[in-house]
4 protein chains.
Amino acid sequence: MIAVMSANCTEEEIQAVQNHIAQRGFSSQISRGVERVVVGVLGQPYPGLQDELEVMSGVAEVIRVSAPYKLASRKFHPENTVVHVGNVAIGGNELVVMAGPCAVESEEQLMATAKAVKAAGARILRGGAFKPRSSPYAFRGLGEAGLKLLAQARKETGLPVITEVMDTEDVDLVARYTDILQIGARNMQNFTLLDVVGKVRKPVMLKRGLSATYQEWLLAAEYILAGGNSEVILCERGIRTFETYTRNTMDTAAIPVVHRLSHLPIIADPSHGTGKWHLVTPMALASVAAGADGLMLEVHPTPDTAWSDGAQSLTFENFAKMMDMVRAIAPAVGKVVAPPVGQGARA
Amino acid sequence: MIAVMSANCTEEEIQAVQNHIAQRGFSSQISRGVERVVVGVLGQPYPGLQDELEVMSGVAEVIRVSAPYKLASRKFHPENTVVHVGNVAIGGNELVVMAGPCAVESEEQLMATAKAVKAAGARILRGGAFKPRSSPYAFRGLGEAGLKLLAQARKETGLPVITEVMDTEDVDLVARYTDILQIGARNMQNFTLLDVVGKVRKPVMLKRGLSATYQEWLLAAEYILAGGNSEVILCERGIRTFETYTRNTMDTAAIPVVHRLSHLPIIADPSHGTGKWHLVTPMALASVAAGADGLMLEVHPTPDTAWSDGAQSLTFENFAKMMDMVRAIAPAVGKVVAPPVGQGARA
Amino acid sequence: MIAVMSANCTEEEIQAVQNHIAQRGFSSQISRGVERVVVGVLGQPYPGLQDELEVMSGVAEVIRVSAPYKLASRKFHPENTVVHVGNVAIGGNELVVMAGPCAVESEEQLMATAKAVKAAGARILRGGAFKPRSSPYAFRGLGEAGLKLLAQARKETGLPVITEVMDTEDVDLVARYTDILQIGARNMQNFTLLDVVGKVRKPVMLKRGLSATYQEWLLAAEYILAGGNSEVILCERGIRTFETYTRNTMDTAAIPVVHRLSHLPIIADPSHGTGKWHLVTPMALASVAAGADGLMLEVHPTPDTAWSDGAQSLTFENFAKMMDMVRAIAPAVGKVVAPPVGQGARA
Amino acid sequence: MIAVMSANCTEEEIQAVQNHIAQRGFSSQISRGVERVVVGVLGQPYPGLQDELEVMSGVAEVIRVSAPYKLASRKFHPENTVVHVGNVAIGGNELVVMAGPCAVESEEQLMATAKAVKAAGARILRGGAFKPRSSPYAFRGLGEAGLKLLAQARKETGLPVITEVMDTEDVDLVARYTDILQIGARNMQNFTLLDVVGKVRKPVMLKRGLSATYQEWLLAAEYILAGGNSEVILCERGIRTFETYTRNTMDTAAIPVVHRLSHLPIIADPSHGTGKWHLVTPMALASVAAGADGLMLEVHPTPDTAWSDGAQSLTFENFAKMMDMVRAIAPAVGKVVAPPVGQGARA
């Protein structure tokens, strides 16, 4: 941490800054430039020290020069983290595709989708039982009945499942049924929920908040890691910008950025990232080319009757076509993708 | 709701859209323009119908023409809502100032601040016992000990108190101590938390999310109202934009916009809205001039030693000066402000 | 300028950075922390040096610690700049209101508006003769015929005029007719245009770009000042954010921020800042309370037949009412406003 | 265009809206829903009519249902536009790579770079002679001397060249030397410049503005097309968001969106899109996978001594490696890429 003093600061102000740093238990070091004096804090100060110094008389700016997250940082953990779910490894050489309906609606809908996505090469089944909805009047998920259907689909297809948990009180319930806990974008800074899933011994997929910086996202992951759960997967799902044609603006660059800053695997969700089914395949391919460790996609037997997010869901046929294109691109960036299984993929 | 058909849609596609609307239990009406055919849905369709129609063949766009919130809308509730807390009325002629430290740190800090803000004319005491922090390593509040100090400060000063609740599990605890429950910006779309505070019989102050549109904000209020709690106060606290000099960009226009769209009172928080203490007074005055029903401000005995948000906290003296300016401006927009009490205001 | 070295940088890399700085003609100084080494550049380096250092091996980050603008900075020019236009002084104690139609449409429209805004207390007449329009098919202004009407209105009312110039080739023409040259938001970084108006000896009003940071805006002003024209007025007119209910998000905090960073006067344009006439008065009042040196407002005899921007234009009556409210608020922040003239204000 | 009337509008207000539409020369048609009345405008109204109707009494909202651009729209021009420059075709099966230094600095720098990028498979040489810079004190390009060096490089390598034009007065000069005129992001809405390049008979590459919507961007293209110049290439180069780790947020989805809305070719500039050289290759690959018709890249012999944008420039070696990866991915999306030429690619 560095305190840049004002151009016209006094020696007393510089001394006061040094005294404050000393009172907080750190050493300091002064560097006098022609225009400015800079006071450096030695050691590993806590984040609040920045605020404390910023308000002191004579201080122009306080700059943090090392990342405020440690456990999530590649600096202290250079090798990639690989998260294992059943026989699937996320963060290794395989590009892992997670697919399924936005919301679990019925046994028929879920089983048909699970079989179709497995046939096309998906390795994990997604499906929402608890749905965050901006309106209180919208369909909010089947709840535990939906979780039971997911467990049944896992049994029938062998695919591990991922589903969202929205509240600390539901964590135990959801964890009993699912293989991966999903934290949604709107809960990325629900810090009590992050604390609780940090205590669970199941992998957690943490979606990026709609207006979260990379640093805030990695700090949210740090909450989970600091709780003792080292199996965190990040998921880029688009950020909010001024552009309204797409539901969100998918920040594809987040993929190589996260790979540089952190050792955690990162996957991409082009369904939420674009909000329009006809943009899903090109953005899935873009994500693979940018180095994603996986994809999460919404697939529905009949998107035009889906209870939620139909506009961004792929049909079985379009999903299978997309998987073929993903398989064509992945090797160029050193990834392998599961082959289609049997003949069901184009059913 | 209106479905605008594509320029080259077929009669079959138009018919299919009408059939789908009929299956969902609504009537429809066709309007044929020179370039486009528009199918209108009669009645009050559920939000999901928009998604369903958007994916149908031949449909170019689906537009919702009435607001998706009802209880929060001024259309169905033309007169202002006034929220009563003790002898304070929020949303009436009085401009109500809520002030206090960001975080409750100690008895001395809280009591000194409570007395100073009361002396200067504040009507409600704020103070955080549970603090959302982007880093897991930052100070996260005193918890119940902080709530007890707030109750003690209320007893000593007579000021009602407001404090944040971050988790469904804490709602009962916090509601036992506080007069107003605050939902923070990061929890604006924590829908289970909104559901729970909708069942409480205490006023709720709902801060705007960092990237929440007016509609999403009012829909979040609708969750609370739909739960049966009609005492909701909105709070503009700045949104996230590309500008980084200020902590957030305070959207002052939210004040007249909310007054037009909704009957709920709206207050402004220039401390979080700017993040810099020297911008707090001008933005407090701007908010009053724009018609705010109240202000929320961070005040600290010694901002440069505050455990959080010191950079945006006012000293007692600056707060008292600001209150004098607020009192000078408020009458021009038809508001009254409590006078200073005794001689402690400038202590 | 400070180069923060990577945690694991080598002594050779530190030496290379020092050598590069020396080759560019500057001295450097090293500060060794526990975690990081920081190399400070002494003197006043050119902006490009930041880029050069950032790409060097071993460099983690380069931070600029002094503002890149000089002539626009309050640091080197502590007293306020006051721009004189005829008998009007912008940046002093008077809050100066500029008002008139978005576009000059006809003699009748312009003269009626000029008289009405003068009667209500406006001190400068605005009106567009060259209009930037996002569509090539929209009305683009009367050109020189419009300038002649503005000159005629000035003669009849005595009000100085302000009008936009969009192209280097038109600067001489527009400068012959107008008292203040306006640079629009879309041209804020049209650097050749800034260079040219820097050579003119007429005041320039520089609107903030739709996505311009404070620093970029002040750097754009620096272009004009560096050309030798010291009479620059800044104008906040709203920035682009995710919110679409308003045409732009008016950044009221820009007013106190600019007053702190710069000595140049700043005015506010709530017509473009909101895009809705019913938000113009509250945001005009908010701007005054925040310390604006003036206001720019769109006024039209019959907004519902205006050729452009009717939705955000005030009628004569609403403008006069707004002026009364401005006069009620301005004294609280130490400003005076011209009184209404004669009885025409409410015509 | 559709005017949605307020819930409580009167028959007189509906009639007034119809009268206004009739006065403007259009027919209208009324559709009465249970909650709302909608008045449709028949024919092709001018954009300003929306503003006119929006301010009328009783009108809640006016919605445009057809795109305001025509010449740029795929609806009226279903087949792809292919722009020919020498023997290079942009918008066809070939993925065309444009590469070179940000700014032309010297003969040695330009010739070395031109040969290296040609050897690696680039088909067009880029280089700036007039540079837009946010600071007036930064290097602003060699001007005509730079144009002459570009012409010389074309002669020596056979590569067509592209360079930026910043001002209407320079268009003739730049057009004499270059094969493609580039309009930079900051000039995307410099409408007089768009008018002038619309009269030139050379291809124009139009970069997206930092905060331009897809519609505004296509309307800017419409200016050029409406001037008679049908050879327009679009270039996505990142938009401005709240994220500051990257220089811009590259909106990869713009590529499939533009392909859907328009027939014009679109290329991607990951150098400006990211601002960091280590993100350029992954984002170049992502752009190819998303369907880009080409790439524009900054390459420099020694990025750490570049006079501008060194941080985002590739070395010759990294550029050649990137080209190999581009060649591996392009076939999966149906594109071919020029092979490396001779042995110079890795020099």
Side-chain angles (χ1 to χ4, degrees), chain B residues 67 208-218 236 238-261 268 270 273-292 324-334, chain C residues 67 208-218 236 238-261 268 270 273-292 324-334:
Chain B
R208 182 180 184 185
L210 274 75
S211 60
T213 62
Y214 301 136
Q215 177 167 307
E216 288 169 337
W217 192 13
L218 292 170
E236 163 66 28
I239 57 173
R240 180 158 280 180
T241 70
F242 59 83
E243 179 59 66
T244 58
Y245 179 87
T246 44
R247 181 171 174 175
N248 293 290
T249 294
M250 196 159 172
D251 180 12
T252 317
I255 297 164
V257 168
V258 162
H259 278 157
R260 189 173 181 91
L261 298 179
T274 65
K276 293 190 187 291
W277 71 266
H278 56 82
L279 299 174
V280 169
T281 294
M283 292 309 288
L285 302 180
S287 302
V288 173
D324 288 342
M325 297 190 77
V326 165
R327 272 184 286 266
I329 280 186
V333 289
Chain C
R208 182 181 184 184
L210 274 76
S211 60
T213 63
Y214 302 136
Q215 178 167 307
E216 288 170 335
W217 191 13
L218 291 170
E236 163 65 28
I239 57 173
R240 180 158 281 182
T241 70
F242 58 83
E243 179 60 65
T244 57
Y245 179 86
T246 43
R247 180 171 175 176
N248 293 289
T249 294
M250 196 159 170
D251 180 12
T252 318
I255 297 165
V257 168
V258 162
H259 279 156
R260 190 174 181 91
L261 298 180
T274 66
K276 293 190 188 291
W277 71 265
H278 57 81
L279 299 174
V280 168
T281 294
M283 293 308 289
L285 301 180
S287 302
V288 173
D324 287 343
M325 298 191 76
V326 165
R327 273 184 286 266
I329 281 186
V333 288

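Naming convention: chains lettered A, B, ... in sequence-line order (proteins, then strands); numbering from 1 in each chain. We use all heavy atoms of the structure for the numbers below, so side chains are in, but hydrogens, waters and symmetry mates are not.
- Of the residues considered (B:T274, B:T246, B:L279), B:L279 shows the highest number of contacts with chain C, using heavy-atom pairs under 4.5 Å.
- Note that CE of C:M283 and OG1 of B:T252 are 4.5 Å apart. Values are rounded to the nearest 0.5 Å.
- For B:H259, no part sits under 4.5 Å from any heavy atom of chain C, backbone or side chain.
- With chain C as partner, the option from B:I239, B:T281, B:I255 having the largest number of non-hydrogen pairs under 4.5 angstrom is B:I239.
- The nearest pair of heavy atoms linking B:I329 to C:A332 is CG1-CB, 3.4 Å.
- For a residue to count as touching a neighbouring chain, one of its non-hydrogen atoms must lie under 4.5 Å from one of that chain's; by this rule C:L261 touches chain B with the side chain only.
- For C:A212, the part lying under 4.5 angstrom from a heavy atom of chain B is the backbone only.
- Heavy-atom pairs under 4.5 Å with chain B were tallied for C:R240, C:H278, C:M250; the largest tally goes to C:H278.
- Only the side chain of C:R260 comes within contact range of chain B, with at least one heavy atom under 4.5 Å from a heavy atom of that chain.
- For C:V288, no part sits under 4.5 Å from any heavy atom of chain B, backbone or side chain.
- When each of B:V333, B:V257, B:T244, B:T241 is scored by its heavy-atom pairs under 4.5 Å with chain C, the top score falls to B:V257.
- Contact count against chain C (heavy-atom pairs under 4.5 Å) is highest for B:A253 among B:A253, B:A328, B:A330.
- Across every non-hydrogen atom of B:Y214 and C:E243, the tightest pair is N-OE1, 2.8 Å.
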